[in-house]
Amino acid sequence: MKKLVINKWKEFSIAEIFYTKPYKDTLQVPTGAMIPRKDLKEGTIPRITVSNYNNGILGYYSNLSNKNYRVYENFISVSFLGTVFYHSGKASLDMKVHCLKPINHELNVYTAMFLITVIKKAISKFAYSDQLSSTILPLLKIKLPAINNSPNWKYMYFYMYNIMTKTTINLKQLLQYDTEKSPIDISKWKRFHLYDNNLFTIDMGTKLDKAKMTSINPTINFIGRANSNNGITAFVDAIDNLPAYKPGLLTLSLEGEYLGSCFVQPKLFYTSQNVVVLIPKWNMPFTIKQFIATMIFKESRTYYKAFSNELNRHIKKDFSFYLPTTESGTPNWSYMNNYMKKIFFNTKTTFNKLYYI
């Protein structure tokens, strides 16, 4: 990836680039009324909140007669919590969500994506408690490519156009690979329990409370009931007389929203409540562990449900999952190993294409 040279860029305040005060359009007043959730079920106008998911969209509505529903078009939204999104069509803003429209420039998806990246970079220095009020946001400084002391919109457009075009091409190649894969023949697969021969010993974990942990000199990963970042929710201090689990073991979440989340842990770790540790009964390669973790997750999300039919009462009794087998009916370790090696190779190849754009 080519290094971006910014020595000729210029620093601008948000107020120099964008209108930051309420606009004089017929569908907007400065107050920004709340829209009841019951009214956000049908319609075409998205309601933008401070959420960091789904472009900040809470729901959709169709009532344009209420002039308190601040509605803008083709703009960037910035919430007081620092979430930033581009909206090409009409969208209504919740309270504490700001609208940014460039002065003397019409946004498009390419310039908007460039600006969003720069704005997010500037916002990243703020702590959670530093809310972006209507007073603070206009003073925020961002650095942009410039020409004649003004933003170089043409440069921003073509820079992002090239990146997004190349990314689209590579993603299409990835999709093509995905659709061309041959169906997996599972006719010779069979169900196994976690505790079967040559699989795992089920350890119930350290059952620690993250709120009571300290992080003065952290050396241990803390695994909670999460489905991202390998389930790691904190980095904590070691506890005297409580050895941490070794790297290479698997963790499995038994309950909650992310029930079934299963990961191979890369470093020393402790676990929260309702996260068990799966200890292989033999020197199992990482590829096979990852294959099994995926099958456990698939089984859990298909047949079990958070808060009603969780894994707690099944994990040591009747929880089972599918694995490929040999002619003798034992797990086909060679198949799993080779299958995952191929997946890793193809994924690495695709990511390299996405990186060198």
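Asn148 and Ser150 share no donor-acceptor pair across their side chains, judged by distance under 3.5 Å alone. Donor-acceptor pairing under 3.5 Å is recorded for the side chains of Glu106 and Asn74. Counting only N and O atoms by type, the side chains of Ser328 and Thr326 include a donor and acceptor under 3.5 Å apart.
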*Can you check side-chain contact (heavy atoms from CB on, under 4.5 Å) on Phe222 and Ile232, steps first, answer last?*
CA-CA 6 Å; Phe222 186 82; Ile232 302 168; 6.0 Å; no
*Passes side-chain contact (heavy atoms from CB on, under 4.5 Å), Met213 versus Tyr270? Steps please.*
CA-CA 11 Å; Met213 306 292 288; Tyr270 292 134; 3.9 Å; yes
*Taking it one step at a time, do Val84 and Ile76 satisfy side-chain contact (heavy atoms from CB on, under 4.5 Å)?*
CA-CA 7 Å; Val84 189; Ile76 293 172; 3.6 Å; yes
_Audit row: Ile48, Ile57, side-chain contact (heavy atoms from CB on, under 4.5 Å) steps and yes/no_ = CA-CA 5 Å; Ile48 311 303; Ile57 299 172; 3.7 Å; yes
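Arg301 is listed as a side-chain neighbour of Leu259, based on a closest heavy-atom distance under 4.5 Å. Between Ile343 and Thr287 there is no side-chain heavy-atom pair separated by less than 4.5 Å. The closest side-chain heavy-atom distance from Leu132 to Ile123 is below 4.5 Å. Side chains of Val97 and Ser77 form a contact here, defined as non-hydrogen atoms less than 4.5 Å apart. You'll find the side chain of Leu252 stays beyond 4.5 Å of the side chain of Phe297, heavy atoms only. Contact annotation: the side chain of Leu194 approaches that of Phe319 to within less than 4.5 Å [non-hydrogen atoms, C-beta and beyond]. A 4.5 Å side-chain heavy-atom check between Gln265 and Ile223 finds at least one atom pair inside the cut-off. Side-chain atoms of Thr325 and Phe192, non-hydrogen and from C-beta on, do get closer than 4.5 Å to each other.
No chain of hydrophobic side-chain contacts below 4.5 Å, direct or via other Ile, Leu, Val, Met, Phe, Trp or Tyr residues, connects Leu208 to Tyr258. By the rule that hydrophobic residues join a cluster once side-chain heavy atoms approach within less than 4.5 Å of another member, Tyr195 and Val277 end up as members of separate clusters. Leu81 and Phe85 are assigned to two separate hydrophobic clusters, defined by single-linkage of ILVMFWY side chains at heavy-atom distances under 4.5 Å. Taken together through direct or relayed side-chain contacts under 4.5 Å among Ile, Leu, Val, Met, Phe, Trp and Tyr, Phe321 and Tyr335 form part of one hydrophobic cluster. A single hydrophobic cluster is seen to contain both Leu137 and Leu144, as judged by linkage of ILVMFWY side chains at heavy-atom distances under 4.5 Å, directly or through other members.
Summarising the geometry, atom CG belonging to Leu254 is positioned 5.0 Å from atom CG belonging to Asn312; distances are rounded to the nearest 0.5 Å. Atom CG of Leu323 and atom OG1 of Thr330 lie 11.0 Å apart (nearest 0.5 Å). Note that the CG atom of Asn274 and the CE atom of Met204 stand 7.5 Å from one another [nearest 0.5 Å]. Rounded to the nearest 0.5 angstrom, Met164 CE and Phe114 CZ are separated by 13.0 Å. For the atom pair CD (Gln290) and CG (Asn337), the distance works out to 12.5 Å, reported to the nearest 0.5 Å. Atom CE in Met336 sits 9.5 Å away from atom CE in Met295 (nearest 0.5 Å).
Between the side chain of Thr302 and the main chain of Lys298, a donor-acceptor pair closer than 3.5 Å is present. Side chain of Arg47 to main chain of Leu93: a donor-acceptor pair is present (N/O by atom type, distance under 3.5 Å, no hydrogens or angles). Between the Asn54 side chain and the Gly56 main chain, no donor and acceptor come within less than 3.5 Å of each other. A donor-acceptor contact shorter than 3.5 Å links the side chain of Asn338 to the backbone of Ser334. Side-chain atoms of Arg70 come within 3.5 Å of backbone N or O of Asp94 as a donor-acceptor pair. Remark: side-chain polar atoms of Trp9 are not paired, donor with acceptor, to backbone N or O of Lys143 under 3.5 angstrom. For Thr49 (side chain) and Leu58 (main-chain N/O), no donor-acceptor pair under 3.5 Å exists by modelled atom type. Between the side chain of Thr271 and the backbone N or O of Thr206 there is at least one donor-acceptor pair closer than 3.5 Å. With hydrogens and angles ignored, the 3.5 Å screen pairs no side-chain donor or acceptor of Lys190 with any backbone N or O of Pro324.
A 6.0 Å sphere centred on CG of Leu139 holds more than 12 heavy atoms belonging to other residues, nucleotides or ligands. Counting heavy-atom neighbours within 6.0 Å of Phe235 CZ, excluding the residue itself, gives a total above 12. Around atom CG of Asn104, no more than 12 heavy atoms belonging to other residues, nucleotides or ligands sit under 6.0 Å away.
Ring planes of Tyr161 and Phe158: perpendicular class, angle over 60° (limits at 30 and 60°). In this pair, Tyr339 and Phe291 present their aromatic rings perpendicular. The plane angle is above 60°, beyond the 30 to 60° band.
In terms of heavy-atom proximity, His98 sits nearest to Ser79 at CD2-C, 4.4 Å. Nearest heavy atoms, Ser272 versus Gly224: OG-CA, 3.4 Å. Closest approach of Asn230 and Pro266 over heavy atoms only: ND2-CD, 3.5 Å. His87 and Asn55 make their closest contact through CE1-O, 3.4 Å (heavy atoms, listed as atom of the first residue, atom of the second, distance). Between Pro138 and Ser13, the shortest heavy-atom distance links the atoms O-CB, 3.7 Å. Among all heavy-atom pairs drawn from Leu115 and Met156, the shortest one is CD2-SD, 4.2 Å.
For the side-chain contact (heavy atoms from CB on, under 4.5 Å) criterion with Leu278, the lone passing option out of Leu199, Ile296, Thr251, Val264 is Ile296. Shown are Tyr86, Tyr159, Tyr157; of these, the ring-ring contact (aromatic ring centres under 6.0 Å, His included) with Tyr110 is made only by Tyr157.
Judged by the 6.0 Å distance and 45° axis criteria, Lys101 is not positioned over the aromatic ring of Phe75. For Lys10 and Phe12, the positive end sits near the middle of the six-membered ring, less than 6.0 Å away and at most 45° from its axis.
In this structure, Glu299 pairs ionically with Arg191, as a charged nitrogen and a carboxylate oxygen lie closer than 4.0 Å. Residues Lys90 and Glu73 are paired through a salt bridge, judged by an N-O separation under 4.0 Å between the basic side chain and the carboxylate.
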Could you pull out all donor-acceptor pairs under 3.5 Å where a side-chain atom in residues 237-250 meets a protein atom, sequence neighbours excluded?
| residue | atom | partner | partner atom | Å |
| --- | --- | --- | --- | --- |
| Asp237 | OD1 | Ile216 | N | 3.1 |
| Asp237 | OD1 | Asn217 | N | 2.6 |
| Asp237 | OD2 | Thr214 | OG1 | 2.6 |
| Asp237 | OD2 | Ser215 | N | 3.4 |
| Asp237 | OD2 | Ile216 | N | 2.8 |
| Tyr245 | OH | Asp203 | OD1 | 2.5 |

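The ring of Tyr304 has its center closer than 6.0 angstrom to the ring center of His314.
The list of salt bridge (charged side-chain N to carboxylate O under 4.0 Å, His left out) pairs with a residue in residues 308-334, not counting sequence neighbours, reads Lys188-Glu327.
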